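To keep things clear, I will list the structure first and then write my remarks on it.
Please read all numbers here as calculations on a predicted model, not as lab measurements. Position 1 is the first residue of the sequence, and the numbers go up from there.
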Amino acid sequence: MTRTQNRSLNFQELGLMDYEPAFDLQEKLMKTIIDLKLENRQKCEDEQVETPNYLLFVEHPHVYTIGKSGDDHNMLANAKKLEEINATFVKTNRGGDITYHGFGQLVGYPILDLDNFKSDIFLYMRNLEEVIIRTIAEYGLNGERSEGETGVWLDVGKPYARKICAMGVKTSKWVTMHGFGLNVNTDLRYFEYIIPCGIRDKSVTSLQRELEREFSEAEMAELKEKIKKHFLAVFEASFI
């Protein structure tokens, strides 16, 4: 651990980017932080350097990703169908099962050194959920946690419980990558080709569906600012 905790964040808006280059960027940033942590271990305390933290926002073209413990049977579309719907399928190194990223979905990738915050992955996941819960509350939606099921849900415990934000992360040396996917203007038909997160008895929703209106470009920008605001509050952080 470094001598001091650095709770400042480097924010990057990546715009529309394919999944693979965004993944590569995450891995590069994660490696930079881990390498610095390892170097710090070889130094006396007053020579150690603060490790950086990052928050990336991105939108991906149609892609299905499955975590390292995921079940391939939860991918319902074959190669031909994927080609028809202009989607790709990627196996990745995060936790969790299968999910979908696509146009109109806001994806957030925090690359954090949890030693700068608290080295507790359970708390980290709950904090990520809290950021989204506080954000969608500003739109009049009561986001909830579902026991044993990561992410943010609506109407938990009811027959029409539905997930609005999926989450999955990977940590190494207490450095995080991957993050959350909040459905905003997302085309929910793409979830019909998977069993989302391996959960069969619950559905998926979006801000557009719940609020019965599409978010304009300006409203999407406003939504991002709300998420950033709540991220800083929940993690007691600041932007550089």
Side-chain angles (χ1 to χ4, degrees), residues 55 57 59 64-67 69-71 74 94-102 104-110 112 114 117-118 120-171 176-192 194-215 219-220 222-237:
L55 177 60
F57 280 176
E59 182 180 7
Y64 297 100
T65 70
I66 190 166
S69 59
D71 185 347
N74 291 326
R94 61 168 170 75
D97 208 288
I98 194 166
T99 194
Y100 161 77
H101 297 305
Q105 183 189 72
L106 174 54
V107 177
Y109 292 137
L112 309 182
L114 291 183
F117 300 89
K118 189 170 183 180
D120 183 334
I121 188 60
F122 179 84
L123 176 63
Y124 173 63
M125 296 303 298
R126 303 295 78 77
N127 281 342
L128 278 186
E129 291 166 347
E130 183 65 23
V131 170
I132 301 303
I133 288 170
R134 293 187 186 186
T135 300
I136 66 175
E138 294 202 40
Y139 296 92
L141 297 177
N142 181 31
E144 301 177 274
R145 297 177 179 88
S146 180
E147 186 175 353
E149 297 170 334
T150 303
V152 177
W153 302 76
L154 302 179
D155 291 315
V156 172
K158 299 179 181 178
Y160 42 90
R162 54 214 182 274
K163 179 181 281 191
I164 196 167
C165 184
M167 296 182 179
V169 304
K170 169 185 168 63
T171 60
T176 69
M177 65 180 288
H178 301 292
F180 64 84
L182 175 62
N183 295 325
V184 186
N185 294 327
T186 315
D187 185 345
L188 299 177
R189 292 175 297 179
Y190 276 81
F191 286 98
E192 297 173 3
I194 61 174
I195 301 173
C197 304
I199 301 170
R200 295 177 178 273
D201 59 344
K202 296 184 177 72
S203 62
V204 179
T205 191
S206 67
L207 286 172
Q208 180 183 22
R209 172 172 287 183
E210 297 299 323
L211 302 178
E212 299 182 336
R213 62 178 176 82
E214 184 175 358
F215 274 53
E219 288 172 318
M220 181 69 87
E222 183 180 69
L223 171 64
K224 292 177 180 179
E225 290 305 312
K226 292 181 187 297
I227 292 176
K228 289 163 66 177
K229 174 186 69 176
H230 292 300
F231 197 98
L232 295 185
V234 170
F235 284 90
E236 299 179 348

Fill in: Test ring pair (Phe, Tyr, Trp, His ring centres under 6.0 Å) applied to Phe215 - qualifying residues, sequence neighbours left out
Tyr139
Worksheet item: Under a 4.5 Å cut-off applied to non-hydrogen side-chain atoms, are Arg213 and Glu219 in contact?
Response: yes
Practice prompt. Check whether any side-chain heavy atom of Val169 sits under 4.5 Å from a side-chain heavy atom of Arg94, and report yes or no.
Written response: no
Item to complete: Apply salt bridge (Lys or Arg N to Asp or Glu O under 4.0 Å) to Glu130 and list each qualifying residue two or more places apart in sequence or on a separate chain.
Response: Arg134, Arg145
Worksheet item: How far does NZ of Lys228 sit from NZ of Lys224, to the nearest 0.5 angstrom?
Response: 9.0 Å
Worksheet item: Does a side-chain heavy-atom distance below 4.5 Å link Ile227 with Val131?
Response: yes
Practice prompt. Please list, chain by chain and in numerical order, all residues satisfying ring pair (Phe, Tyr, Trp, His ring centres under 6.0 Å) with Phe180, sequence neighbours excluded.
Written response: none
Worksheet item: Looking at Asn183, Asn185, Leu141, which hits side chain to side chain contact (heavy atoms under 4.5 Å, CB included) with Leu207?
Response: Leu141
Worksheet item: Which distance, rounded to the nearest 0.5 Å, do you find between the CG of Leu106 and the OG of Ser206?
Response: 13.0 Å
Practice prompt. In plain terms, say whether Glu149 and Lys163 are close enough for a salt bridge, that is, a side-chain N and a carboxylate O under 4.0 Å apart.
Written response: no
Response to the item:
Between the NE2 atom in His178 and the OG1 atom in Thr171, the distance rounded to the nearest 0.5 Å is 10.5 Å
Practice prompt. Drop me the distance from Thr205's OG1 to Ile164's CD1, to the nearest 0.5 angstrom.
Written response: 5.5 Å
Worksheet item: Are any non-hydrogen side-chain atoms of Gln208 and Thr186 less than 4.5 angstrom apart?
Response: no
Worksheet item: Within a radius of less than 6.0 Å around NZ of Lys229, do more than 12 heavy atoms belonging to other residues, nucleotides or ligands occur?
Response: yes
Worksheet entry | Any side-chain heavy-atom pair of Met167 and Ile132 under 4.5 Å | yes
Worksheet item: Mind checking whether Tyr64 and Tyr100 have parallel, tilted or perpendicular rings, split at 30° and 60°?
Response: tilted
Practice prompt. Could you tell me which non-hydrogen atom of Tyr109 sits nearest to which non-hydrogen atom of Gly179, and how far apart they are?
Written response: CD2-N, 3.8 Å
Worksheet entry | Any residue meeting side-chain hydrogen bond (donor to acceptor under 3.5 Å, both in side chains) with Glu192, in chain and number order, not counting sequence neighbours | none
Worksheet item: Looking at residues at least two apart in the chain, or sitting in another chain, which of them share a side-chain contact (heavy atoms from CB on, under 4.5 Å) with Val156?
Response: Glu144, Ser146, Trp153
Worksheet item: For the atom pair CD (Glu236) and CG (Asn127), what is the distance rounded to the nearest 0.5 Å?
Response: 9.0 Å
Fill in: Test: Arg162 cationic atom under 6.0 Å from Tyr160 six-membered ring centre, within 45° of axis
no
Fill in: Backbone of Leu112 reached by a side-chain donor or acceptor of Thr176 within 3.5 Å
yes
Worksheet item: Can you list the residues that meet the side-chain hydrogen bond (donor to acceptor under 3.5 Å, both in side chains) rule with Asn142, with sequence neighbours excluded?
Response: none
Worksheet item: Given Leu128 and Phe235, is the side chain to side chain contact (heavy atoms under 4.5 Å, CB included) satisfied, shown in steps?
Response: CA-CA 9 Å; Leu128 278 186; Phe235 284 90; 4.2 Å; yes
Discussion item. Within the structure provided, determine whether Glu129 and Thr150 are in side-chain contact (heavy-atom separation under 4.5 Å).
Written reply: yes
Worksheet item: Looking only at heavy atoms, what is the nearest atom pair of Gly143 and Ile133, with distance?
Response: O-CG2, 3.7 Å
Worksheet item: Does Asp71 reach the main-chain N or O of Asp97 with its side chain, forming a donor-acceptor pair under 3.5 Å?
Response: no
Discussion item. Contact between Phe117 and Leu123 at the side-chain level, heavy atoms closer than 4.5 Å - yes or no?
Written reply: no
